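Structure, as structure tokens:
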Amino acid sequence: MVPNHNLSSEEAKVMAPEAIDVDNHKFPFCIVWTPLPLISYVLPIIGHMGICTSRGVIRDFAGSYHVSEDDMAFGWPTKYVQLNPSLANKGVQGWDDAIQEASEIYKHRTHNLLCDNCHSHVATALNLMNYNGSNSWNMVKLGILVTFKSKYVGFSGFLKQWVPFCILAFLVFIFYYYIF
């Protein structure tokens with residue numbers, strides 16, 4: 001769907017992305033990301049993902065047969081990418097409906113770490129809303145999007161993302177340097 005630039009000022013106001021409220025964990029029209037314990041310490045670009053409604057409510061596939069609402073499985077988001085709801089079929093309503101439908105689908109799915117996981121839940125929502133005219137969203141595209149287009153929620157988000165990896169890398173370096 002191509003954005004409609006002929007919207008009235010009232011329609012444009014309704015479709016404009018809302019403000020992010022990090023303190024209250026509200027991320028309207030966002031894909032959110034948080035590190036996975038242990039896995040993200042070794043590979044910091046791998047983590048847990050959710051998608052947020054127009055009101056900023058986080059929905060994430062937290063495990064087999066369970067989609068959380070405003071209670072991310074591995075802690076509050078450390079990074080986010082805000083998307084444009086006017087690029088979703090039927091705008092804001094289409095955005096929210098697609099997230100609801102994807103969540104209902106994933107409430108009946110078994111979680112699989114490698115091929116049917118939180119990233120798949122987000123991809124399904126984006127495919128259902130035909131975001132940006134595409135129904136080929138997948139884990140790889142979402143991983144690239146979050147890696148290169150996301151913003152940290154603040155310095156604390158940056159630290160949660162990188163400190164464990166840096167400590168581990170430093171210990172490996174010290175171990176390698178002094179042992180070998």
Side-chain angles (χ1 to χ4, degrees), residues 17-18 20-22 24-85 87-153 156-157 160-161 164-165:
E18 299 294 320
I20 303 297
D21 184 356
V22 173
N24 293 308
H25 312 292
K26 296 298 178 195
F27 299 88
F29 307 110
C30 288
I31 295 170
V32 293
W33 189 96
T34 194
L36 284 168
L38 302 179
I39 295 172
S40 298
Y41 302 169
V42 176
L43 296 167
I45 62 168
I46 295 177
H48 183 66
M49 183 177 287
I51 189 166
C52 304
T53 67
S54 61
R55 295 183 164 282
V57 175
I58 302 168
R59 303 297 305 265
D60 68 302
F61 184 40
S64 295
Y65 315 109
H66 181 68
V67 177
S68 295
E69 186 170 304
D70 265 350
D71 185 24
M72 281 188 84
F74 298 98
W76 293 114
T78 57
K79 298 192 313 185
Y80 65 93
V81 178
Q82 190 169 41
L83 302 178
N84 185 340
L87 297 178
N89 280 353
K90 300 180 187 169
V92 174
Q93 189 63 48
W95 178 276
D96 286 339
D97 290 348
I99 292 172
Q100 182 63 35
E101 185 176 346
S103 297
E104 290 304 316
I105 290 168
Y106 274 82
K107 286 179 182 177
H108 303 283
R109 292 256 178 103
T110 302
H111 189 277
N112 180 310
L113 187 61
L114 299 177
C115 59
D116 201 10
N117 54 36
C118 57
H119 292 67
S120 306
H121 170 249
V122 173
T124 298
L126 293 174
N127 288 332
L128 288 168
M129 69 180 73
N130 200 33
Y131 186 77
N132 202 20
S134 174
N135 63 358
S136 62
W137 290 94
N138 59 45
M139 293 187 295
V140 174
K141 286 182 179 180
L142 288 170
I144 291 168
L145 177 69
V146 169
T147 299
F148 294 107
K149 298 288 186 174
S150 63
K151 297 178 184 177
Y152 289 98
V153 297
S156 65
K160 285 180 186 176
Q161 167 75 29
F165 171 76

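Quick caveat, the model's predicted, so the values are computed rather than measured. Numbers for residues simply follow the sequence, beginning at 1.
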Q.
With a 3.5 Å distance limit and no angle check, can you tell me whether Gln82 reaches the backbone of Phe27 through a side-chain donor-acceptor pair?
A. no

Q: Enter the distance from Leu113:CG to Ile46:CD1 here, rounded to the nearest 0.5 Å.
A: 8.5 Å

Q | Closest approach of Asn127 to Ser136 (non-hydrogen atoms, all atoms of both residues) | A | OD1-N, 3.1 Å

Q) Out of Glu104, Arg109, His108, which residue meets the side chain to side chain donor-acceptor pair (under 3.5 Å) rule with Tyr106? A) Arg109

Q. Is a side-chain donor or acceptor of Ser150 paired with a backbone partner of Val81 at a separation under 3.5 angstrom?
A. no

Q | Minimum side-chain heavy-atom gap Asp70-His25 below 4.5 Å | A | no

Q. Quick one: are Thr78 and Trp33 in side-chain contact, heavy atoms under 4.5 Å?
A. yes

Q: Rounded to the nearest 0.5 Å, what's the gap from OH on Tyr80 to CD1 on Ile51? Could you check?
A: 16.0 Å

Q. Going by distance alone, is a donor N or O of one side chain under 3.5 Å from an acceptor N or O of the other, for Ser40 and Lys160?
A. no

Q. Which heavy atom in Met49 sits nearest to a heavy atom in Asp60, and how many Å separate them?
A. O-CB, 3.7 Å

Q: Could you walk me through whether Val92 and Phe29 pass the side chain to side chain contact (heavy atoms under 4.5 Å, CB included) test, one step at a time?
A: CA-CA 9 Å; Val92 174; Phe29 307 110; 3.8 Å; yes

Q) Can you tell me if NZ on Lys141 sees more than 12 non-hydrogen neighbours from other groups inside 6.0 Å? A) yes

Q | Any Ile20 side-chain heavy atom under 4.5 Å of Pro28 side chain | A | yes

**Q.** Closest non-hydrogen atom pair between Met72 and Pro77, with its separation
**A.** SD-CG, 3.7 Å

Q.
side chain to side chain contact (heavy atoms under 4.5 Å, CB included), that's the test. Do Ser103 and Ile99 meet it? Break it down for me.
A. CA-CA 6 Å; Ser103 297; Ile99 292 172; 4.2 Å; yes

Q: Show your reasoning for whether side chain to side chain contact (heavy atoms under 4.5 Å, CB included) applies to Leu128 and Ile105.
A: CA-CA 11 Å; Leu128 288 168; Ile105 290 168; 4.2 Å; yes

Q.
For the CD1 atom of Ile45 and the CZ atom of Phe148, what is their distance to the nearest 0.5 Å?
A. 7.5 Å

Q | Any donor-acceptor N/O pair, Asp21 side chain to Lys26 backbone, under 3.5 Å | A | no

Q | Side-chain donor/acceptor of Trp95 to backbone N/O of Cys52, under 3.5 Å | A | yes

**Q.** Within-4.5 Å side-chain heavy-atom neighbours: Val32 and Val153
**A.** no

**Q.** Rounded distance [0.5 Å steps], CE in Met139 versus CG in Leu114
**A.** 7.5 Å

Q.
Is there a side chain to side chain contact (heavy atoms under 4.5 Å, CB included) between His121 and Arg59? Walk through the geometry before answering.
A. CA-CA 9 Å; His121 170 249; Arg59 303 297 305 265; 4.2 Å; yes

Q. Between Asn117 and His48, is any pair of side-chain heavy atoms under 4.5 Å apart?
A. no

Q: Give a yes or no on whether the backbone of Val140 and the side-chain of Asn138 come within a donor-acceptor separation of less than 3.5 Å.
A: yes

Q: Measure the CG-CG distance between Asn132 and Asn89 for me, rounded to the nearest 0.5 Å.
A: 11.0 Å

Q | Least distance between heavy atoms, Ala125 atom then Ala98 atom | A | O-CB, 3.4 Å

Q.
Quick check on Lys107: does its NZ atom have over 12 non-hydrogen neighbours (other residues, nucleotides or ligands) under 6.0 Å away?
A. yes

**Q.** Test item: side-chain donor near acceptor, Tyr65 and Thr110, under 3.5 Å
**A.** yes

Q | Min side-chain heavy-atom separation Pro37-Phe74 under 4.5 Å | A | yes

**Q.** Minimum-distance pair of heavy atoms, taken over all atoms of Gly47 and His119
**A.** O-CE1, 3.1 Å

Q. Sub-3.5 Å donor-acceptor pair from the side chain of Tyr131 to the main-chain atoms of Ala123, do we have one?
A. no

Q. Can you name the closest pair of heavy atoms from Leu83 and Leu145 and give their distance?
A. CD2-CD2, 4.4 Å

